[in-house]
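Right, one structure below, let's go through it.
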Amino acid sequence: LYLYKGMKLWRTFGVATGQSSYPTPVGHFYIEVKWENPWWYPPDSPWAVGAKPVPPGPGNPLGTRWMGLNADGIGIHGTPDDASIGYSASHGCIRMHIPDAEWLFAHVDVGTQVFIVSA
């Protein structure tokens with residue numbers, strides 16, 4: 001993930017993106033909501049059948065921060081699965097190390113533009 005301040009590259013972060021069967025959408029989006037210590041709710045998707053909501057805390061698949069995009073069910077968030085960073089491992093979201101997601105959360109606002117491009 002590349003974070004720009006104006007036209008200047010400010011920081012870069014390692015991320016995990018969507019698996020081939022659940023790709024991260026490509027396009028121009030924006031951060032629609034920001035939640036600290038979010039709940040995870042199972043999506044209406046075959047991979048989540050039978051899954052139960054997960055409250056904030058250790059093991060929450062969203063980590064401690066959620067930056068939801070204006071793309072259905074897609075966001076930038078932390079993950080307790082550090083080993084997934086650098087791989088296509090998510091169900092469409094952009095996963096980050098929890099400390100990186102916390103830093104990013106503190107430095108972006110609702111309305112921040114997000115451009116997702118193919119690698």
Side-chain angles (χ1 to χ4, degrees):
L1 185 147
Y2 298 97
L3 178 64
Y4 287 83
K5 189 179 263 189
M7 297 299 291
K8 184 174 177 161
L9 181 62
W10 187 15
R11 291 225 19 209
T12 61
F13 302 92
V15 298
T17 56
Q19 303 168 37
S20 59
S21 53
Y22 299 99
T24 301
V26 173
H28 177 198
F29 306 99
Y30 63 90
I31 295 175
E32 190 170 55
V33 297
K34 289 174 51 181
W35 297 332
E36 196 168 330
N37 299 314
W39 276 72
W40 176 80
Y41 295 96
D44 184 19
S45 182
W47 69 265
V49 170
K52 303 286 185 227
V54 178
N60 183 303
L62 303 179
T64 61
R65 302 293 184 272
W66 168 261
M67 292 157 273
L69 304 182
N70 65 316
D72 192 32
I74 303 298
I76 302 167
H77 63 84
T79 180
D81 184 8
D82 279 324
S84 71
I85 303 302
Y87 297 94
S88 297
S90 78
H91 293 98
C93 287
I94 299 165
R95 295 181 183 174
M96 303 178 74
H97 294 291
I98 289 174
D100 290 345
E102 290 174 347
W103 187 94
L104 184 65
F105 186 94
H107 290 87
V108 297
D109 298 312
V110 168
T112 296
Q113 294 186 67
V114 176
F115 295 91
I116 301 174
V117 299
S118 58

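- In the hydrophobic cluster analysis, where Ile, Leu, Val, Met, Phe, Trp and Tyr join through side-chain heavy atoms closer than 4.5 angstrom, Phe29 is grouped together with Leu104.
- Here the CG-NE2 distance, from Asp81 to His97, works out to 10.0 Å after rounding to the nearest 0.5 Å.
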Evaluation steps, side chain to side chain contact (heavy atoms under 4.5 Å, CB included), between His91 and Ser45: CA-CA 10 Å; His91 293 98; Ser45 182; over 6 Å; no
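- When the side chains of ILVMFWY residues are joined at heavy-atom separations under 4.5 Å, either directly or via intervening members, Trp40 and Ile98 end up in two distinct hydrophobic clusters.
- Closest non-hydrogen pair, Tyr30 versus Gly111, comes out as CB-O, 3.9 Å.
- Formation of a donor-acceptor pair under 3.5 Å by the Asn70 side chain with backbone atoms of Glu32 is not found in this model.
- With rounding to the nearest 0.5 angstrom, the CD1 atom of Ile94 is 8.0 Å from the OG1 atom of Thr17.
- Minimum heavy-atom separation, Cys93 to Gly73: SG-O, 3.7 Å.
- Counting only N and O atoms by type, the side chains of Arg95 and Ser84 include a donor and acceptor under 3.5 Å apart.
- Taking Ile, Leu, Val, Met, Phe, Trp and Tyr as members and joining any whose side-chain heavy atoms lie under 4.5 Å apart, directly or through other members, Val117 forms no hydrophobic cluster with any other residue.
- In this structure, Asp109 CG and Lys34 NZ are separated by 5.5 Å, a value rounded to the nearest 0.5 Å.
- For the residue pair Gln19 and Ser88, the shortest heavy atom distance occurs at CG-O, 3.7 Å.
- Proximity of a side-chain donor or acceptor of Ser90 to a complementary backbone N or O of Ala16 within less than 3.5 Å is not detected.
- Residue Asp44 holds its CG atom at 10.0 Å from CG of Asp72, rounded to the nearest 0.5 Å.
- To the nearest 0.5 Å, atom CH2 of residue Trp39 and atom CG of residue Leu62 are 12.0 Å apart.
- A 4.5 Å side-chain heavy-atom check between Val108 and Val114 finds every atom pair outside the cut-off.
- Grouped by direct or indirect side-chain proximity (heavy atoms under 4.5 Å, Ile/Leu/Val/Met/Phe/Trp/Tyr only), Tyr4 sits with Tyr2, Leu9.
- Here CZ of Phe105 is found 5.5 Å from CD of Glu36. Values are rounded to the nearest 0.5 Å.
- Heavy-atom minimum distance, Gly63 versus Pro38: O-CD, 4.1 Å.
- Hydrophobic clustering keeps Trp35 apart from Ile74 (ILVMFWY residues linked when any side-chain heavy atoms are closer than 4.5 Å, directly or through intermediates).
- Connection of Val110 to Trp103 is not established within any shared hydrophobic cluster, with ILVMFWY side chains joined at heavy-atom distances below 4.5 Å, either directly or through further cluster members.
- Pairing each heavy atom of Gly92 with each of Pro25, the nearest pair is O-CD, 3.9 Å.
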Exercise. Under the side chain to side chain contact (heavy atoms under 4.5 Å, CB included) criterion, do Asn37 and Arg65 qualify, and how do the steps go?
Worked result: CA-CA 6 Å; Asn37 299 314; Arg65 302 293 184 272; 3.9 Å; yes
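- For Phe115, the CZ atom sits in a packed shell: over 12 heavy atoms of surrounding residues, nucleotides or ligands are nearer than 6.0 Å.
- No path of Ile, Leu, Val, Met, Phe, Trp and Tyr side chains, each step under 4.5 Å between heavy atoms, connects Leu69 with Trp66, placing them in separate hydrophobic clusters.
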